[in-house]
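The structure under discussion appears below in the form of structure tokens.
If you're wondering where the values come from, they're calculated on a predicted model, not measured in any experiment.
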Amino acid sequence: MFIREAEGRLLLLLAKGMSDRAIARCLGVSLRTVERRVAELHTRLGAKSRFQLAVLALLAGLIEPGALGQSHLLAQDGWFCGNCVQSNERDAESRR
């Protein structure tokens with residue numbers, strides 16, 4: 001299956017357990033865009049939940065398992081989202 005680079009980034013963030021709002025901040029897109037792309041990926045991969053979507057993406061080789069352990073995104077292709085760290089911190093604070 002072919003996915004665009006932006007979809008791969010979205011899948012990785014989703015697999016890390018980030019909310020749609022945090023993913024939108026990290027990728028610099030609107031919340032609605034993230035929701036639409038997640039829905040499209042659900043359809044394309046045949047997933048019924050966010051968890052299943054992440055598992056199917058891993059099994060299909062669309063995201064690298066090793067990237068899930070990173071505390072922020074600093075991928076080999078050179079992109080870095082400084083907002084991810086701040087977004088995760090804000091989300092963690094709001095859950096307390």
Non-hydrogen atoms of Met18 and Arg50 that approach each other most closely:
O-NH2, 3.0 Å
How close do Ile63 and Ala54 get, counting heavy atoms only, and between which atoms?
CD1-O, 4.3 Å
If we ignore hydrogens and angles and just use 3.5 Å, is the side chain of His42 paired with the main-chain N or O of Ser49 as donor and acceptor?
yes
Using every non-hydrogen atom in the two residues, find where Arg4 and Glu7 come nearest and quote the distance to one decimal.
N-OE1, 2.8 Å
Can you tell which of Arg37, Arg36, Arg44 makes a salt bridge (Lys or Arg N to Asp or Glu O under 4.0 Å) with Glu40?
Arg36
Tell me who clusters with Phe51, hydrophobic residues only, linked when side chains sit under 4.5 Å apart either directly or through other members.
Val55, Leu59
side-chain contact (heavy atoms from CB on, under 4.5 Å), paired with Leu14, selected from Leu41, Val34, Ile23
Ile23
For Arg21 versus Leu31, what's the shortest heavy-atom pair and its separation?
N-CD1, 3.6 Å
Checking side-chain contact (heavy atoms from CB on, under 4.5 Å) for the pair Leu62/Leu45: CA distance, chi angles, key distance, verdict?
CA-CA 11 Å; Leu62 302 175; Leu45 293 175; 4.0 Å; yes
